[in-house]
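Shown next, in structure tokens, is the structure this report addresses.
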Amino acid sequence: VSTQSTGMLLFQRRPFHSATFRHMSGWSTMLREAGGEDSDLPVEQRAMRAGHAERIEEPVAQVLAERIGSGARVLELACGTGQSVPTWAKRVSAARWLATDVDARCVVSAAAHRELAGSPAAVAEPIVFDVCDEDLAEDQPEGAGVWDAIFAANCTHYAPWSFSEQLLRRAGVLLTRDGALFVYGPFAHGPDGQMTEGNAKFDRRLRDEVNAAFGVRRVVDLEREAAKNGLELKETVPMPANNSILHFVRRAAEESANENE
């Protein structure tokens with residue numbers, strides 16, 4: 001499995017945060033060097049980079065470019081280094097991109113990447129956002145039904161199941177009708193939750209060495225939870241290193257109500 005910069009999370013007092021796993025993965029040095037929100041470091045030093053993020057940028061860009069129309073508004077959750085959105089903005093003709101992360105230092109890095117890219121008009125200033133913050137209104141950020149697409153990478157397995165529940169619940173509120181949720185990562189497929197040998201080993205390591213509440217999620221479980229929030233799994237797109245992108249679509253309210261009767 002390839003671990004991308006986005007979505008490296010941990011379980012603390014809130015449903016998740018980002019510091020512990022990032023520390024375990026060598027992120028502590030990058031985060032420390034990136035400084036805080038008022039860092040005086042040159043922009044080049046504030047812009048963290050991760051090799052695993054670079055490796056998936058092109059495959060993800062291709063998938064998004066084929067499925068996101070011009071003029072779309074795209075929200076990225078758990079952006080990590082934030083290096084990907086300026087790159088994707090060149091490939092996908094969306095009208096607005098907003099990168100978010102629960103960790104303010106990652107938002108600093110994302111802002112630096114935006115600056116290095118020339119602060120393109122289509123790329124908004126990144127913000128701190130915690131999808132699991134129960135004190136935050138469900139229509140945040142920026143209102144209900146305003147996002148045409150949401151992208152989240154490597155989140156579901158680096159967090160307890162409650163994160164997946166919150167992700168799908170909030171996506172059901174934030175997306176426009178027929179809006180798309182793209183979730184990247186390793187998954188267990190089929191009714192029996194089949195995994196490749198590499199993903200099975202990765203799953204055991206997460207549960208045994210990182211957090212027992214973490215783990216590779218079954219697509220059928222995500223699909224069932226999505227349906228509760230008016231989302232339908234449209235397709236599963238194979239990606240490099242035994243990963244996939246799950247492409248969910250928000251259905252009309254009446255369609256969701258009929259199915260749940």
Please lay out, stage by stage, how D130 and L136 fare under the test side-chain contact (heavy atoms from CB on, under 4.5 Å).
CA-CA 8 Å; D130 183 352; L136 192 65; over 6 Å; no
Assess whether side-chain contact (heavy atoms from CB on, under 4.5 Å) is satisfied between Y158 and L206, documenting all intermediate values.
CA-CA 8 Å; Y158 282 125; L206 279 176; 3.4 Å; yes
Verdict with supporting geometry, N243 and I56, side-chain contact (heavy atoms from CB on, under 4.5 Å):
CA-CA 10 Å; N243 290 295; I56 74 164; 5.8 Å; no
For R169 and E138, run side-chain contact (heavy atoms from CB on, under 4.5 Å): C-alpha distance rounded to whole Å, both residues' side-chain angles, the deciding distance at 0.1 Å, then the answer.
CA-CA 9 Å; R169 180 184 62 82; E138 285 189 346; 2.5 Å; yes
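Qualifying salt bridge (Lys or Arg N to Asp or Glu O under 4.0 Å) partners for D148, counting only residues two or more places apart in sequence or in other chains: none. With sequence neighbours excluded, no residue forms a side chain to side chain contact (heavy atoms under 4.5 Å, CB included) with A121. Every residue meeting the side chain to side chain contact (heavy atoms under 4.5 Å, CB included) condition with A117, not counting sequence neighbours, appears here in chain and number order: P86, P120. When the side chain to side chain contact (heavy atoms under 4.5 Å, CB included) test is applied to A180, the partners found at least two apart in sequence or on another chain are F182, H247. Remark: D139 pairs with no residue by the salt bridge (Lys or Arg N to Asp or Glu O under 4.0 Å) rule, at least two apart or across chains. For E142, the side chain to side chain donor-acceptor pair (under 3.5 Å) criterion is met by R73, R96, not counting sequence neighbours. The salt bridge (Lys or Arg N to Asp or Glu O under 4.0 Å) test applied to R91 returns E58, not counting sequence neighbours. Every residue two or more places apart in sequence or in another chain that forms a side chain to side chain contact (heavy atoms under 4.5 Å, CB included) with T87 is listed here: E57.
Contact check for R250 versus T176: no side-chain heavy atoms found under the 4.5 Å cut-off. Taking the side chain as every heavy atom from C-beta outward, P186 and H157 approach each other to under 4.5 Å. Within the 4.5 Å cutoff, the side chain of P126 has heavy atoms near those of the V107 side chain. Side-chain contact check for R46 versus L41: some heavy-atom pair is nearer than 4.5 Å. F187 has its side chain out of reach of T236: every pair of non-hydrogen atoms, C-beta onward, lies at least 4.5 Å apart. C155 has its side chain out of reach of L77: every pair of non-hydrogen atoms, C-beta onward, lies at least 4.5 Å apart.
A pairwise comparison of heavy atoms in A110 and C79 identifies CB-SG, 4.0 Å as the closest pair. For the residue pair G80 and D101, the shortest heavy atom distance occurs at N-OD2, 2.9 Å. Across all non-hydrogen atoms, the minimal contact from V74 to A94 is CG2-CB, 3.8 Å. When every heavy atom of L168 is checked against every heavy atom of L222, the shortest pair comes out as CD1-O, 3.7 Å. A pairwise comparison of heavy atoms in D133 and R170 identifies O-NH2, 3.6 Å as the closest pair. Here the closest heavy-atom approach between residue V183 and residue L167 is recorded as CG2-CD2, 4.3 Å.
Hydrophobic clustering, with ILVMFWY side chains joined whenever heavy atoms are under 4.5 angstrom apart, groups I127 together with L174. One hydrophobic cluster, built from ILVMFWY side chains closer than 4.5 Å, cannot hold both V249 and L231; they sit in different ones. Note on V173: it does not cluster hydrophobically with V146, by side-chain heavy-atom contacts below 4.5 Å among ILVMFWY residues.
Proximity of a side-chain donor or acceptor of R251 to a complementary backbone N or O of D178 within less than 3.5 Å is not detected. A distance-only check finds a donor-acceptor pair linking the side chain of Q83 to the backbone of A50 [under 3.5 Å].
One distance of note links OG1 of T156 with CH2 of W161; it measures 8.5 Å at 0.5 Å rounding. Here the OG atom belonging to S84 is positioned 6.0 Å from the CD atom belonging to E76, to the nearest 0.5 angstrom. In this structure, OG1 in T81 is found 7.5 Å from NE2 in H52, a value given to the nearest 0.5 Å. Remark: R204 CZ to M195 CE distance equals 8.0 Å, nearest 0.5 Å. The CD atom of E225 lies 8.5 Å from the OG atom of S164; values are rounded to the nearest 0.5 Å.
Counting only residues at least two apart or in different chains, side chain to side chain donor-acceptor pair (under 3.5 Å) contacts with residues 110-119 comprise R114-E125. Identified under the salt bridge (Lys or Arg N to Asp or Glu O under 4.0 Å) test for residues 188-200, with sequence neighbours left out: E197-K201.
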Cut-off 3.5 Å, no hydrogens considered: what does the side-chain donor-acceptor table look like for residues 63-71, sequence neighbours left out?
from, atom 1, to, atom 2, distance (Å)
R67, NE, E235, OE2, 2.5
R67, NH1, V63, O, 3.2
R67, NH2, E235, OE1, 3.3

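Between Y184 and F151, the two ring planes are tilted [angle within 30° to 60°].
With side-chain heavy atoms closer than 4.5 Å counting as contact, directly or through intermediates, V220 stands alone and belongs to no larger hydrophobic cluster.
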